[in-house]
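Chain naming here is simple, since letters A, B, ... match the order of the sequence lines and numbering starts at 1 in each. Computed from a predicted model, the values in this text were never measured in an experiment.
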Amino acid sequence: MTQTDATPAGAPSESITESTDGRAERFDAQAIQERWLPVWDEKTPFRSGDPADPRPKKYVLDMFPYPSGDLHMGHAEAYALGDVVARYWVQRGFNVMHPIGWDAFGLPAENAAIKRGLDPRAWTYENIAQQKASMRRYACSFDWDRVLQTCDPEYYKWNQWLFNKFHERGLAYRRPSQVNWCPNDQTVLANEQVVNGLCERCDTPVTKKKLTQWYFRITEYADRLLDDMSQLEGRWPDKVLTMQRNWIGRSQGADVTFVIEGADTTADGGAQQADRDVTVYTTRPDTLFGATFFVVAVDSDLAADLVAASPAAVRAEFATYLEKVRGTSEIERLSTDREKTGVFLQRFAVNPVNGEKIPVYAADYVLADYGHGAIMAVPAHDQRDLDFAKAFGLPVKVVVDVRGEDGEPLPDPAVSGTATAGVGAMVNSGPLDGLQKAEAISAIVELLAGKGLGKETTNYRLRDWLISRQRYWGAPIPIVHCPACGEVRVPDDQLPVELPPSEGLDLKPKGTSPLGGATDWVNVDCPQCGGPAQRDTDTMDTFVDSSWYFLRFVSPDRDDVPFDPELVRQWLPVEQYVGGVTHAILHLLYARFFTKALHDMGMVDFVEPFTGLLNQGMVLMDGSVMSKSRGNLVRLSDQLADHGVDAVRLTMAFAGPPEDDIDWKDVSPAGSARFLARAWRLAQDVASPVGVDVSTGDVALRRQTHRTVHEASTLVEGFRFNVVVAKVMELVNATRKVIDSGAGPADPAVREATEAVAILLSLFAPYTAEDMWSALGHEPCVALAGWPVVEEGLLVTETVTCVVQVAGKVRDRLEVSPSITEDALRELALAAPGVQKALGDKGIRTVVVRAPKLVNVVPA
RNA sequence: GCCCCCGUGGCCCAACUGGUAGAGGCACCCGGCUCAGACCCGGGACGGUGAUGGUUCGACUCCAUCCGGGGGUACCA
């Protein structure tokens, strides 16, 4: 499948023999790994918890993994890149908190348990142990004193505690609603967890179900989630900010109240209803005069209500239609080009501005849970309404005179079939006639408000976050249902509500929580009245666990508070968060919401949890996502065995911009290993002593060293890791040249350059760097060596090459002083032979001088 | 359909944000080392920046249109 297949087992390709100068040393990646790992275990260079540590603090965080099996190539990329950032700031003299933990609750453990009859707990902890060992070998710069697993009762106790806090404040509540249901996982899903109508986890088409579920009131924070994004501008990828904005989907509009006329079908077995007010939401109240019909969502309570007073035939038709819609999968429902369907309820709504009676339809293109689940339909100016009007032969009334680019009126939507959504002067709209959109909107809102029939409003696409799950492996919701007291929180001092052992429970998904089967666990005394009561049997969405874990890292062992407030003040917010773009909405939105809620409770003093965000791309093979079924799986363990940890890490950093996907077939871990061997040999060759006076060394090499270190800072801080690596390669090449054909291995500049290489490489290839550092005569750890100090004087060169162009084409080059004046440079340039030749006998129009790098002579 | 990003040697990618198109790597070719191969060392070839037009003394970089690729979103009224 890859170049790895070409390497026979037992013949590691990273063993590169040095033969040109007769030395026997060779670069042996595996041996170096074995040598330094125990040393680091002892020296623990990345401990961050010493209260006496004088270094300034910085929090760098990698998204914590889900423990399903061992680490894979995706982890390897993420942790390689996160490590560059963390290790860089350590070299810059910061006390970096770089913790790791496990997002350890969730369905994979449970599914594995069901499939293979294992205990989800045991399965999870085994995987964690394996991943932890792999991370250690991968030389991740984690602070191993700060580790957490969300499935530990010590952790989820605080999950429950936070749930209680939310519940106290009305941010956690239970209500019945149409919810997303995954038939495969047999549990409900939050809106964010439905991707294109499919379950985010298992790609099963999601259906709807009416259930009473627990929600977090995230919608209360919609405005702040939106507005606070301005603080993240420039420090988060634009893409993520855009996705969150779209997801929250704020829109400005108006509520308009229509009257639905009463009806009496008691003779027909139906109901009798008086006139009633029904409010709709619209972003185009200006088009109110163009409303020719009215639509309610077929699956809304309103529709059910209205149809009750419809004739029997309509009621029957409605019931059939509703059933059909319910059976339609979300994925079908999402396809926009399907025909509009609906049922005329034989009820009528009265337009509040002109008293027109318009027919009321129930249809599935109106959503029950957005706005008021009902709309006024303006077919002339809304494509969806027009499609419906055409399907049902309803009138189309133009109320906006929309002109094309040529100033001509656009064709009549009734004829063209295309609604005119643009702006223009109002027509057929009584008092609004002649007004432009904005004026018309304020006029109509004012008019309606005067009669109490309308007002400006804001709507959001964002829905409350459904957090209950009907599965076993999660944090139990700490609520007791008491026949006398209702919903009662389990008192904080009785937390955690521990999960009952899985033994004896039927974990198979069956639509209700397996916890219901743990009778001893379910039946409890009501904490309030002491009477018999029952525990809530649902568990929390695992995204709850990950919405605050970054806070827990400051004090993972505290058992009296979820996190130490003083330490949070010192360390938070996370300065650099690193992870995949798959969480652009889900996790990042939830974590932002939690942070704001905790802020309002006075528990944290900031409102955004992650001030910087880096999204790494994916690792692909042959242009597609790796998977067993595709047969293009590249195993991390194979790569590490074949090329060594450092070569794999370096390859991840060197492959290209971090946010781009890496196609493993386009990169060369073998090439990385080759480069590391070249760098490593420099350290073997250095012949000057530690601490040698470098000022006498080869100036050209010294300049390059200092320039490289200088540029590397900016590049790392801008996540241009691939460019940094290229610069280090250049420096290695230049140093080799000086050793072989220049001043030789004893030149102090060679030592200076090689030490710089070791320190720069310590961000990418820690084992090689450590071994170089040792060969150079230093004690471990190179990770703490400190960033080389740049001598400003060496950043300026004594001459620069000035390009002399004639009519934009390069005709000559001059070596000039960087401080040359424009006039002097102009003189020199005009006298240059290349210029004279190119100019011939033509005159000169202008001379553009950009000292000291460029002169452009423009001929007449 | 709408919005965003990206097109640079055979491939992955640089280019001080308007100033010499090429830094680095992969692959390839030649030479050295070798009994030979691998490794290593030295050297080399390759494109004018997706297309067209515009702005400019000067465009990979800015603008317009188009082509190609990727991503997001999609009955949200």
(message) Students often get this wrong, so: under 4.0 angstrom with heavy atoms, is A:S251 touching a base, only sugar-phosphate, or nothing?
(response) sugar-phosphate
(message) Please pick, from B:rG25, B:rA74, B:rA77, the nucleotide with the shortest atom-to-atom distance to any side-chain atom of A:R461.
(response) B:rA74
(request) May I ask you to verify if any side-chain N or O of A:Y365 is less than 4.0 angstrom from the OP1 or OP2 atom of B:rA77? (result) no
(request) Going 5' to 3' through nucleotides 3-19 of chain B, assign each nucleotide B (protein heavy atom under 4.0 Å from a base atom), S (under 4.0 Å only from sugar-phosphate atoms) or - (no protein heavy atom that close). (result) --------SSSSSB--B
(request) When you get a sec, tell me which of B:rC75, B:rA77, B:rC41 is the closest nucleotide to the side chain of A:R678? (result) B:rC41
(request) Can you label the angle between the A:F721 ring and the A:F719 ring as parallel, tilted or perpendicular, going by 30° and 60°? (result) perpendicular
(message) Please confirm whether the shortest side-chain N or O distance from A:N246 to OP1 or OP2 of B:rC2 is below 4.0 Å.
(response) no
(request) Looking at every strand, decide which applies to A:R707 at a 4.0 Å heavy-atom threshold: base, sugar-phosphate, or nothing. (result) nothing
(message) Using OP1 and OP2 only, check whether a side-chain N or O of A:R245 sits under 4.0 Å from B:rU73.
(response) no
Pick out the pairs of N or O atoms, protein on one side and nucleotides 52-56 of chain B on the other, that lie under 3.5 Å.
none

(request) Take atom CD of A:Q383 and atom C1' of B:rA74, then tell me their distance rounded to the nearest Å. (result) 14 Å
(message) Can you see if the side chain of A:R674 gets near the phosphate of B:rA27 - specifically, an N or O under 4.0 Å from OP1 or OP2?
(response) yes
(request) For A:F294, check ring-ring contact (aromatic ring centres under 6.0 Å, His included) against everything at least two apart and list the hits. (result) A:F258
(message) Can you confirm if the NZ or CZ of A:K340 lies within 45° of the ring axis of A:Y365 and under 6.0 Å from the centre of its six-membered ring?
(response) yes
(request) Tell me whether B:rG70 sits syn or anti, counting syn as a glycosidic angle within 90° of 0. (result) anti
(request) Pull up the glycosidic torsion of B:rU17 and say syn or anti, syn being anything within 90° of 0. (result) syn
(message) What contact category does A:T283 fall into here, base, sugar-phosphate, or nothing, at under 4.0 angstrom with non-hydrogen atoms?
(response) sugar-phosphate
(message) For the P atoms, the ones on B:rG48 and on B:rG43, what distance do you get once it is rounded to whole angstrom?
(response) 27 Å
(message) Nearest to the side chain of A:Y281, heavy atoms from C-beta on, is which of B:rG71, B:rG25, B:rA77?
(response) B:rA77
(message) Under 4.0 Å, heavy atom to any atom of RNA chain B: which of residues 285-294 of chain A qualify?
(response) none
(message) Can you work out whether A:K737 or A:R845 has the more 5'-proximal nearest nucleotide on RNA chain B?
(response) A:K737
(message) Please tell me whether A:F293 and A:F392 form a close aromatic pair, meaning their ring centres lie under 6.0 Å apart.
(response) no
(message) Under the rule for side-chain contact (heavy atoms from CB on, under 4.5 Å), what residues qualify as partners of A:R463, not counting sequence neighbours?
(response) A:N191, A:D369, A:Y370
(request) Sequence neighbours left out, what passes side-chain contact (heavy atoms from CB on, under 4.5 Å) with A:M626? Give chain and number order. (result) A:M73, A:V619, A:M621, A:N632, A:L633, A:V634, A:W664
(message) Measuring from the side chain of A:R681 (C-beta onward, heavy atoms only), which nucleotide among B:rC26, B:rC41, B:rA77 has the closest atom?
(response) B:rC41
